[in-house]
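Any value given below was found using the heavy atoms of this structure, including those in side chains, with hydrogens, waters and symmetry copies removed. Not measured: the values here are computed from a predicted model. Letters A, B, ... mirror the listed sequences (proteins, then strands); counts begin at 1.
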Number of protein chains: 2
Amino acid sequence: MELIVELLNITTGGNRIAVVSQQTANSLGVHSSDRIKITVGDRALIAIANIAENFPDNRIGVFEETEAALNLKGDEIAQVQLAPLPESLFNIRAKLRGERLREKDIVAIVKDVVERHLSSTEIAAFLTALSIHGLSTAETEALSIAMITTGKSLNFGRSPILDKHSVGGIPGDKTSMLVVPIVAAAGFTIPKTSSRAITSPAGTADRVETLCPVNLSINEIKCVVEKTNGCLVWGGSLELAPADDLFIQVEYPLGIDPMLLPSILSKKKAIGATHVAIDIPTGTGAKIKTLQEAYTLASDFVDMGKRLGLTIQCALTFGDQPLGCSMGPALEAKEALATLMGGGPPDLREKAISLSSMLFEMVGVENPRGKAEQIIDSGQALKKMCEIIEAQGGDPKVKPEDLPVGPKHAAVRSEKAGKVLWLSTDDLVRIARAAGAPKEKGAGIILNAKLGENVRKDGILLEIYAERSSKLTAALELANELSPIVLSKKPEEKMVLDTIPEKTTHKKPFMIDR
Amino acid sequence: MELIVELLNITTGGNRIAVVSQQTANSLGVHSSDRIKITVGDRALIAIANIAENFPDNRIGVFEETEAALNLKGDEIAQVQLAPLPESLFNIRAKLRGERLREKDIVAIVKDVVERHLSSTEIAAFLTALSIHGLSTAETEALSIAMITTGKSLNFGRSPILDKHSVGGIPGDKTSMLVVPIVAAAGFTIPKTSSRAITSPAGTADRVETLCPVNLSINEIKCVVEKTNGCLVWGGSLELAPADDLFIQVEYPLGIDPMLLPSILSKKKAIGATHVAIDIPTGTGAKIKTLQEAYTLASDFVDMGKRLGLTIQCALTFGDQPLGCSMGPALEAKEALATLMGGGPPDLREKAISLSSMLFEMVGVENPRGKAEQIIDSGQALKKMCEIIEAQGGDPKVKPEDLPVGPKHAAVRSEKAGKVLWLSTDDLVRIARAAGAPKEKGAGIILNAKLGENVRKDGILLEIYAERSSKLTAALELANELSPIVLSKKPEEKMVLDTIPEKTTHKKPFMIDR
């Protein structure tokens, strides 16, 4: 039928959507989420129909995506008809029924996700089905490859290309800020892309951003790596695996993460990596809670790496507490710089040296651990970090004390003496976020009492930094309410962790930062 | 933060959605699908955030639902902040992990669906998880009750209230158009609500609409039932179980139907039914393919009925071919009238008498089958149908030959003589829809050769009716391509049903009409 085009002048964030009235939908035989073919002159496209009760019956409303694709000006006459559902939707339905998908089915789905032919409802159903049914090895491989081929990729014209990745989950993990300069100082290429925090107090991109810009274009990244062998940039706008970016948007509210392997490996392949060290923090404070899970995940990574032509080694790392002491963008950047200068907390230094030497070993460096220690102790790593900061547009002379942290701060003190028996990383994350992290770069917390350490009565358990008094107050109140650090002289003193139903049930936290 | 309100002047179809720019979302700490609290003066509401790349950073765009709820005029200053996720979303996440939901979890979900606090992405994930994990008896009961209590209900001040329902799936099933007048003529109350076709050539509401209006208000329905004991109306706009209407919108593109029991039973309870006959067509042409599935479903219906205070009997009916001969709104209404007048196809008459007598038996009528036969044979059923047509605003003197059918028609003839060995109801549905049904009321097909019947060479297999020549041509081409009716003298002549990969794979059809 013929309808008059009405420009709605707003974007949907990607999908091509067109609005018709209920009456017009009935006449077209169109139901919500059906596809309609819109033809104006010699141009045509398929859009997803949105049905609105009170829209004029003789009009079709188009969002900016459709307007742009059809080059519309408004008030044109459009020929509109019911279009068939995309083939990929039938593949999604097959997955809902528990069927295995073939490579071509997966290619069709990923292609239609990137081209915005599938609605977020349909993508949500697909991801839910994957989350429940799991992925076969062949499906994981096909998804990884489809996500790479539908995105951009980088070619540095060098080999090997090293990379490091953490599956995420423990707060305060600023290891990449040490591994990149150590590896680059040894003459190897390590173009590191990172994410921003979604559920944590800081992602690597948030931390590095307190030192220099991280939102670089592909060409700027090439320049930085050409000059310094390394970089520490935000990967979010590079479109390395645009399907994954769209999947993550849908996964986040649902608290599911069925595509961990394809998501990580597609981005590593797109950046041209040949050797990848994967950190799997394992423990009560991490995304992966048990060693058994971690071993399964690690062997999946190694196997899938082989299929994709990537040499992968995984490190299962201690994940019962935060890494180092600081949580929050600027506080963490300070701690990373201090560690590069020879100070800093010993667990951070140890982890950075271990992961760097794992990469060195993978590319045949002799005495890899000694090499990593020598690079950090000689100041070469710090020098390389300053080169990278400068190449990305920051101040290479930056000192830890130059970084501004929240001017409002307060300490949480212990009511009794004792040894730290356990602590809740989830609660620490909530407190750091209440203080303003990651949005307010200077906000966060410093943990003064880690597992097994002795605390005297009135000793400081943690310090809270905030940029605004209201946030400091909120974070302090939360710290008092949650009591994230439990002291005891003997474990038997605190055998009951929680009682039900007296206290509200804790929600299982969901971490998607990677 | 403070943002200026911009009215977008279109509806989203229900959800309260607000649009902010990516930059503004970052400042708010908001990700796609997060909730934001919008305060204007002394009014506040929670909306779902949509992030648009190119939206002005200092503005918040609101759809009409939000505009109405906050009584906005545009250009006000709104206080906007990140709001917590609704509790029900954590219940959905629990279901995604395979956990059982408690009654209060389900109440929270259904309430938030009806109040539009959950996005369609989140509802899609919930329904997908239900479809894969299945529902426990307690979950089914809780869902049914929650769907009733969040909707409107009718009270006719009478008892018993009888009802009849088909779980759907065979085309041409116009039984309700006979059962309602038979039961009402016997003096029992039977307020029948029906759906329109989604995937079939006609729903009961589409059929009845060729005789009289079906889109009645609750008060109008009460009047009709007061006068005639029965009605045949469209249930879609009555808001008897609004959660179900929203669930069906999401289920339709996904091809899943996890809520069959709660969906049907909540609507029966809302209409005040006390005794319900449920028809479960079983066979290759129906939604339920095997007797085993049908028996399981039937016993679930009976059990769940007990829990909800409904007396239920199920009839497993023959579902290997269409019921009667006609498919398409007007063609089917003609056939129903003809059967009420003593003619019509024997399978339709038999099924209508069986289901009516099942209802009579449930309420203690003696010789129930004889009673049903007597009512139809004496013309009382036809007279009652005319009363109902008149009460709903139609012409009570209507004759089958008065109903206009498509002026363009053609016959599909057999190339050889033989007996009908099998026929594809899915293909017949596709042909009827290609002819224009259900949108064009006069379009459809008449099947001249049913299972086991003899056809001579050049004998008519089916007749196609259309309102437009182009549709007639399309339906004829499809009929020739699909060959939905297979003739044979001996079964061995046609042992191979299909070959793979030579022919394109048939998509598993999905039926949601109920």
Side-chain angles (χ1 to χ4, degrees), chain A residues 6 8-14 19 22 26-29 31-34 48 50-55 61 63-64 85 87 89-90 92-94 96-98 119-129 131-133 196 198-199 248-250 252-256 433 436 438-439 507-508 510, chain B residues 6 8-14 19 22 26-29 31-35 48 50-55 61 63-64 85 87 89-90 92-94 96-98 119-129 131-133 196 198 248-250 252-256 433 436 438-439 507-508 510:
Chain A
E6 174 154 341
L8 300 176
N9 290 321
I10 64 162
T11 68
T12 59
V19 179
Q22 184 65 59
N26 290 349
S27 307
L28 286 166
H31 296 90
S32 187
S33 297
D34 268 343
I48 298 172
N50 261 20
I51 299 171
E53 288 297 334
N54 302 316
F55 203 75
F63 287 83
E64 285 180 0
L85 295 172
E87 191 64 31
L89 184 53
F90 293 91
I92 290 178
R93 289 184 183 183
L96 265 57
R97 294 194 299 270
S119 70
S120 54
T121 304
E122 293 151 359
I123 296 173
F126 176 59
L127 293 169
T128 303
S131 174
I132 297 174
H133 290 307
R196 295 186 188 280
I198 300 180
T199 57
I248 287 177
Q249 272 184 30
V250 175
Y252 165 66
L254 304 178
I256 54 174
R433 291 179 66 100
K439 196 176 98 187
K507 285 164 192 140
K508 184 175 166 177
F510 171 65
Chain B
E6 175 156 341
L8 300 176
N9 290 320
I10 63 164
T11 68
T12 59
V19 179
Q22 184 65 60
N26 291 347
S27 308
L28 285 165
H31 297 90
S32 186
S33 297
D34 268 343
R35 272 65 178 175
I48 299 172
N50 261 19
I51 299 172
E53 288 297 334
N54 302 317
F55 203 75
F63 287 82
E64 285 179 0
L85 295 172
E87 192 64 30
L89 184 53
F90 293 91
I92 289 179
R93 290 184 183 183
L96 265 56
R97 294 193 299 271
S119 70
S120 54
T121 305
E122 293 150 359
I123 296 173
F126 176 59
L127 294 169
T128 302
S131 174
I132 297 174
H133 290 307
R196 294 187 188 279
I198 301 179
I248 287 177
Q249 272 183 29
V250 175
Y252 164 64
L254 304 178
I256 55 174
R433 290 179 67 101
K439 197 176 96 186
K507 284 162 193 145
K508 185 176 166 174
F510 172 66

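- The candidate with the highest count of non-hydrogen atom pairs below 4.5 Å against chain B, out of A/Ala94, A/Gly29, A/Ala124, A/Gly61, is A/Ala124.
- Residues satisfying the side chain to side chain contact (heavy atoms under 4.5 Å, CB included) test with B/Ala125, not counting sequence neighbours, are A/Thr128, A/Leu254, B/Leu96.
- Expressed to the nearest 0.5 Å, how far CZ of B/Phe63 lies from CG of A/Leu8 amounts to 8.5 Å.
- Closest approach of A/Pro253 to B/Leu89, counting heavy atoms only: O-CD2, 3.5 Å.
- Between the A/Arg93 side chain and the B/Ile256 main chain, no donor and acceptor come within less than 3.5 Å of each other.
- Residue with the most contacts toward chain B among A/Val19, A/Asp34, A/Asn26, A/Val250: A/Asp34 (heavy-atom pairs, distance under 4.5 Å).
- Here the side chains of A/Ile132 and B/His133 are in contact, with some heavy-atom distance below 4.5 Å.
- Residue B/Ile123 does not touch chain A at all, counting heavy-atom pairs closer than 4.5 Å.
- Scored by the side-chain hydrogen bond (donor to acceptor under 3.5 Å, both in side chains) test, B/Ser119 finds B/Glu122 as partners (sequence neighbours excluded).
- For the pair A/Lys439 (side chain) and B/Ser27 (backbone), a donor-acceptor distance under 3.5 Å is present.
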